[in-house]
Amino acid sequence: MTERAPLSRKLSAIAESATLKVDAKAKALQAAGRPVISYAAGEPDFATPQFIVDAAAEALKDAKNFRYTPAVGLPDLRQAIAEKTRSDSGIEVAASQVIVTNGGKQAVYQAFQAVVNPGDEVLLPAPYWTTYPEAIQLADGIPVEVFAGADQDYKVTVEQLEAARTERTTTLVFVSPSNPTGSVYTEEETRAIGEWALANGIWVITDEIYQHLVYDGATAVSIVQSVPELAGQTILVNGVAKTYAMTGWRVGWMVGPADAMKLAANLQSHLTSNVNNIAQRAAIAALTGPQDQAEQMRQAFDRRRRVIVEELAKIPGVTVPTPLGAFYAYPDVQGLLGREWRGKRIETSLELADLILDEIEVAVVPGEAFGPSGYLRMSYALGDDALLEGVRRMQGLFS
């Protein structure tokens, strides 16, 4: 008998999302009755605001929402996103430049598909969200990591980007506030990087999904606001998931030049067609309705941010820059490596994360998921009591 043809080599090379893997393991242990505290999931622990839920319930009464709608999104939602982009990112865009996607993750995937050709190099500041390198490779691009450590507040410089640029460089990933580090680029830093990209004809894919979650007076300045001329070679990715506690509703979007959006729209027409209409109606309510509950969630994250940074800093060998955005702390734990803990020699942050889960039932994501070893990502989007208890368990383990 002839052997079966092989599976896709491209997909065989793609790794499972490390953050989702750790979160699933933590939830399985919790379901089995274990007192696991998880810092793994990048999602708010709050309920979606009721007025948004009510809008979805109202949409269920209209039969037109049960039919196919335009693949690129409901006209009313695209217009609301265009207006949000003007007010929050500082550029005028037409609704026709907006594509509504199944979460921000699909927008990221389609952005790389639209601008990356086989063999193109994509500059990827590290630490990075675990999906970026996989999405780049799915577009047949080559991710080129540019690392900035805790001593740089995890922010790359123009000099580093220029040193990594080659004749094959076509695209830059720019994320502020950052997942996984919570770092926020200043307006001056953002403008310098934008001007460099413009001068070199480089596409910018900027993920702005955490732009409203900033603290200590920081502002998440959009790169196209700092350098308006860059709008012709920039794709903005965003969504309602983080600001409005709507991760499961799966509504994101991408905004960019008309020619790039045409390519992405063609892809989406074959890939998924329209996003769930009920979720789109809910997203309209989120963007156009009262913002007070979103602000209350931001204030809660701010309070938790200060607690986790203060408590992590009490662990000898741990350095944690104060994050100014998102809802993640990214401690440098290199001072805990190369040592023995509870009879186990620990050399990597992957081994450290396993030790923390096995010994004190706390789930964290190791730095290997986001770039070099030696770091942990800890989401503080969980209840106040659990947040404090988990870090105190870590203090006991490494005392």
Side-chain angles (χ1 to χ4, degrees), residues 13-42 124 126-130 133-134 143 145-154 178-183 307-323 328-380 382 386-399:
I14 298 300
E16 177 186 0
S17 169
T19 54
L20 295 181
K21 182 177 181 179
V22 173
D23 185 51
K25 183 176 181 180
K27 287 177 178 175
L29 289 169
Q30 290 167 342
R34 302 306 306 166
V36 171
I37 293 174
S38 178
Y39 297 95
L124 181 60
Y128 48 74
W129 181 41
T130 184
E134 310 297 348
E145 295 183 23
V146 182
F147 179 72
D151 59 325
Q152 294 179 223
D153 199 20
Y154 303 119
S178 164
N179 173 8
T181 68
S183 294
V307 169
I308 197 170
V309 169
E310 180 180 346
E311 295 299 323
L312 283 171
K314 295 177 182 178
I315 302 175
V318 172
T319 301
V320 53
T322 300
Y328 307 103
Y330 202 73
D332 180 332
V333 295
Q334 295 178 77
L336 300 178
L337 305 182
R339 301 170 63 179
E340 190 170 290
W341 300 102
R342 302 244 175 130
K344 300 176 183 178
R345 178 82 177 178
I346 302 299
E347 300 291 348
T348 68
S349 52
L350 181 61
E351 293 174 352
L352 189 71
D354 286 340
L355 175 81
I356 293 169
L357 183 59
D358 292 341
E359 295 292 333
I360 59 173
E361 297 188 307
V362 170
V364 297
V365 186
E368 285 86 344
F370 312 104
S373 180
Y375 305 84
L376 300 175
R377 192 193 79 168
M378 300 176 66
S379 168
Y380 48 86
L382 70 162
L387 181 147
L388 187 57
E389 168 63 19
V391 181
R392 288 186 171 165
R393 290 184 194 178
M394 292 176 63
Q395 291 170 350
L397 175 61
F398 298 115
S399 61

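Worth knowing before you read on, the calculation uses all heavy atoms, side chains too, and leaves out hydrogens, waters and symmetry mates. None of these values were measured; they are calculated from a predicted model. In this chain, numbering begins with 1 at the start of the sequence shown.
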Next item on the list: Report the residue from Val309, Val318, Ile308, Leu336 that forms a side chain to side chain contact (heavy atoms under 4.5 Å, CB included) with Pro331.
Entry: Val318
Notebook entry, point to check: What closest approach, in Å, do Asp153 and Pro321 show between heavy atoms, and which atom pair accounts for it?
Noted result: OD1-CB, 3.5 Å
Notebook entry, point to check: Tell me, which pairs form a salt bridge (Lys or Arg N to Asp or Glu O under 4.0 Å) where one or both residues lie in residues 346-358, sequence neighbours left out?
Noted result: Arg345-Glu347
Next item on the list: Apply side-chain contact (heavy atoms from CB on, under 4.5 Å) to the pair Glu389 and Ile37, showing each step before the final yes or no.
Entry: CA-CA 8 Å; Glu389 168 63 19; Ile37 293 174; 3.3 Å; yes
Notebook entry, point to check: Given Ile315 and Leu312, is the side-chain contact (heavy atoms from CB on, under 4.5 Å) satisfied, shown in steps?
Noted result: CA-CA 6 Å; Ile315 302 175; Leu312 283 171; 4.2 Å; yes
Notebook entry, point to check: Hey, mind stepping through Ser183 and Ser178 against side chain to side chain donor-acceptor pair (under 3.5 Å) and telling me if it holds?
Noted result: CA-CA 5 Å; Ser183 294; Ser178 164; 5.7 Å; no
Next item on the list: Please name the pair of heavy atoms, one in Pro133 and one in Thr130, separated by the smallest distance, quoted to 0.1 Å.
Entry: CD-O, 3.5 Å
Note to self: Quick one, Tyr330 and Pro127 - any side-chain contact, counting heavy atoms below 4.5 Å?
What the structure shows: yes
Item checked: side-chain hydrogen bond (donor to acceptor under 3.5 Å, both in side chains) contacts in which one or both residues fall within residues 30-39, not counting sequence neighbours -> Arg34-Glu361
Note to self: Any heavy-atom pair between the side chains of Phe147 and Pro372 that's under 4.5 Å?
What the structure shows: yes
Next item on the list: Kindly determine whether Lys344 and Glu340 satisfy salt bridge (charged side-chain N to carboxylate O under 4.0 Å, His left out), including the steps that lead there.
Entry: CA-CA 5 Å; Lys344 300 176 183 178; Glu340 190 170 290; over 6 Å; no
Check: Can you list the steps and then say if Lys314 with Glu311 is a salt bridge (charged side-chain N to carboxylate O under 4.0 Å, His left out)?
Finding: CA-CA 5 Å; Lys314 295 177 182 178; Glu311 295 299 323; 3.1 Å; yes
Next item on the list: Decide if the gap between the ring center of Tyr128 and the ring center of Phe370 is smaller than 6.0 angstrom.
Entry: no
Next item on the list: State, to 0.1 Å, how close Val320 and Ala329 come at their nearest heavy-atom pair, and which atoms those are.
Entry: CG2-CB, 4.4 Å
Check: Taking atom types as modelled and ignoring hydrogens, do the side chains of Thr348 and Ser373 form a donor-acceptor contact shorter than 3.5 angstrom?
Finding: no
Next item on the list: I would like to know whether Val362 and Val364 meet side-chain contact (heavy atoms from CB on, under 4.5 Å); could you show each step before the answer?
Entry: CA-CA 7 Å; Val362 170; Val364 297; 4.2 Å; yes
Notebook entry, point to check: After noting the C-alpha distance and the side-chain angles of Val333 and Leu352, does the key distance pass the side-chain contact (heavy atoms from CB on, under 4.5 Å) rule?
Noted result: CA-CA 9 Å; Val333 295; Leu352 189 71; 3.6 Å; yes
Next item on the list: Give the minimum heavy-atom separation between Glu145 and Ala126, together with the two atoms involved.
Entry: OE1-CB, 4.3 Å
Item checked: Glu368: salt bridge (charged side-chain N to carboxylate O under 4.0 Å, His left out) partners, not counting sequence neighbours -> none
Next item on the list: Specify the closest pair of heavy atoms between Leu376 and Pro366, including all atoms of both residues, with the distance to one decimal.
Entry: CD2-CA, 4.1 Å
Item checked: Distance, nearest 0.5 Å, that separates OG1 of Thr319 from CG of Asp151 -> 10.0 Å
Item checked: Non-hydrogen side-chain atoms of Val307 and Leu387 separated by less than 4.5 Å -> yes
Notebook entry, point to check: Using the ring of each side chain (for Trp, its six-membered ring), is Trp341 parallel, tilted or perpendicular to Phe398, with breaks at 30° and 60°?
Noted result: perpendicular
Notebook entry, point to check: Is the side chain of Arg377 donor-acceptor paired with the backbone N or O of Val365 at a distance under 3.5 Å, no angle test?
Noted result: no
Notebook entry, point to check: Taking the six-membered ring for Trp, are Tyr380 and Tyr328 ring centroids under 6.0 Å apart?
Noted result: no
